[in-house]
K.L.:
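My questions all concern the structure below.
Computed from a prediction, not measured in an experiment: that's the story for all the values here. Each chain gets a letter, A, B and so on, in the order its sequence line appears, and its residues count up from 1. Computed from heavy atoms alone, side chains included, the values below leave out hydrogens, waters and symmetry copies.
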Protein chains: 2
Amino acid sequence: MPYTNEMLEECGFTSAQKILSGKWSMLIILFLSEKTMRFNEIQRLFPDITHATLTKQLRILEEYGIIERTVYSQIPPKVEYALSDIGMQLKPILDAVMLWGEEYKKHQPRSASASTR
Amino acid sequence: MPYTNEMLEECGFTSAQKILSGKWSMLIILFLSEKTMRFNEIQRLFPDITHATLTKQLRILEEYGIIERTVYSQIPPKVEYALSDIGMQLKPILDAVMLWGEEYKKHQPRSASASTR
DNA sequence: CCGCATCCTCCGAGATACTG
DNA sequence: CAGTATCTCGGAGGATGCGG
């Protein structure tokens, strides 16, 4: 039996796809699962993501309810990012993804870096 | 310590991100993990993916070594798609993702369908 | 039945510069 | 220190039509 777009919208799988398909989503979630971090901490962790892009990614994940944002109204400002409960439940999955990725690289030493598209 | 783009390229996690972030990748892999399928079977399963798009997705996954393509030279043509060994190892992960998605929808009844972006 | 080539649309990701 | 506002650009995803 076929799966139309409507049916896929209902399915939890589709939510997961949207949330995880962001270029940095999985990495951010994985590191936040270790500890709560400030904006600049995250940025120092990934020097190659601009702060504008990082802000967007964090906003999206926040809207999805994956991370929680705490603002301390002070000078200088301080904002902390932490995983929500449901976000935390992604950790074992992302760990498994990472392990799979390592395994994959052993078998396919050159494939996924040279994106053929 | 920071993770530069170069370091991330080395990391297996990045391969996984590229492979899994395709809009249909996870769904296709999940269904192929159940059984080998012909092109038209897959397309009937997802009526809302055009055959051009499906072809591209399958090619990409094939280049990544996730799926294997068997062509039967006959009239009419027959092509079968199956998961490779390394592709099969994704199944438990995708099952977990699906379960997480269901759990997520319970907690966030409206979030990820109304993509706020 | 299956795949390829072409063209188009749209959005993610980044670059840059400015605010409190 | 953190966030916002624009702009650009490339590529994913899709529509259509031809070819074997």
K.L.:
Taking atom C1' of dG13(D) as reference, at what distance in whole Å does atom CG of Leu61(B) sit?
P.N.:
14 Å

K.L.:
Report yes or no: do Glu80(A) and Tyr72(A) form a side-chain donor-acceptor pair below 3.5 Å?
P.N.:
yes

K.L.:
Please classify the nucleic acid contact of Tyr81(A) as base, sugar-phosphate, or nothing, using heavy-atom distances under 4.0 Å.
P.N.:
sugar-phosphate

K.L.:
Need to verify one output field. Residue with the more 5' nearest nucleotide on DNA chain C, Lys23(A) or Val79(B)?
P.N.:
Val79(B)

K.L.:
Looking at Glu103(B) and Lys106(B), is there a salt bridge between them, counting it only when a charged N and a carboxylate O are closer than 4.0 Å?
P.N.:
yes

K.L.:
Run the ring pair (Phe, Tyr, Trp, His ring centres under 6.0 Å) check on Phe31(B) and Tyr3(A) step by step: do they pass?
P.N.:
CA-CA 11 Å; Phe31(B) 277 93; Tyr3(A) 291 82; 5.2 Å; yes

K.L.:
Considering only dG3(C), dC1(D), dC2(C), which nucleotide approaches the side chain of Pro76(A) most closely?
P.N.:
dC1(D)

K.L.:
Answer yes or no: is there an ion pair linking Arg59(B) with Glu62(B), defined by an N-O contact shorter than 4.0 Å?
P.N.:
yes

K.L.:
Starting at atom CG of Leu58(A), determine the distance to atom C1' of dT4(D), rounded to an integer number of angstrom.
P.N.:
14 Å

K.L.:
How bent is the helix from dC1(C)-dG20(D) to dG20(C)-dC1(D), comparing axes over its five end pairs at each side, to the nearest 10°?
P.N.:
40°

K.L.:
Without decimals, in angstroms, what is the distance between Leu54(A) CG and dA5(D) P?
P.N.:
17 Å

K.L.:
Strictly below 4.0 Å, N to O, side chains only: are Lys105(B) and Glu102(B) in salt-bridge contact?
P.N.:
no

K.L.:
Roughly how many Å is it from CD in Gln43(B) to C1' in dC1(C), rounded to a whole number?
P.N.:
11 Å

K.L.:
Should Arg38(B) be listed as having a side-chain N or O under 4.0 Å from OP1 or OP2 of dC2(C)?
P.N.:
yes

K.L.:
Looking at Arg69(B) and Glu63(B), does any basic side-chain N land under 4.0 Å from a carboxylate oxygen?
P.N.:
no

K.L.:
Starting from C1' on dG3(C), measure out to CD on Glu63(B) and report it in whole angstrom.
P.N.:
14 Å

K.L.:
Atom CD of Glu68(B) and atom OG1 of Thr70(B): how far apart are they, to the nearest 0.5 Å?
P.N.:
7.0 Å

K.L.:
Figure out the CD/C1' separation between Gln57(B) and dG3(C), and round it to whole Å.
P.N.:
15 Å

K.L.:
Could you check how far CD of Glu80(B) sits from P of dG3(C), rounded to whole Å?
P.N.:
12 Å

K.L.:
Round to the nearest Å and state the distance from Phe39(A) atom CZ to dG3(D) atom P.
P.N.:
6 Å

K.L.:
Give a yes or no answer on whether the side chain of Asp48(A) reaches the backbone of Asn5(B) with a donor-acceptor pair at less than 3.5 Å.
P.N.:
yes

K.L.:
Enumerate the protein-to-nucleotides 15-18 of chain D contacts in which both atoms are nitrogen or oxygen and the separation is below 3.5 Å.
P.N.:
{"unit_1": "dG17(D)", "atom_1": "O6", "unit_2": "His51(B)", "atom_2": "NE2", "d": "3.1"}

K.L.:
Between dC2(C), dC4(C), dC1(D), which one does the side chain of Arg59(B) approach most closely?
P.N.:
dC4(C)

K.L.:
What is the distance from atom NZ of Lys18(A) to atom CD1 of Ile60(A), rounded to the nearest 0.5 Å?
P.N.:
12.5 Å

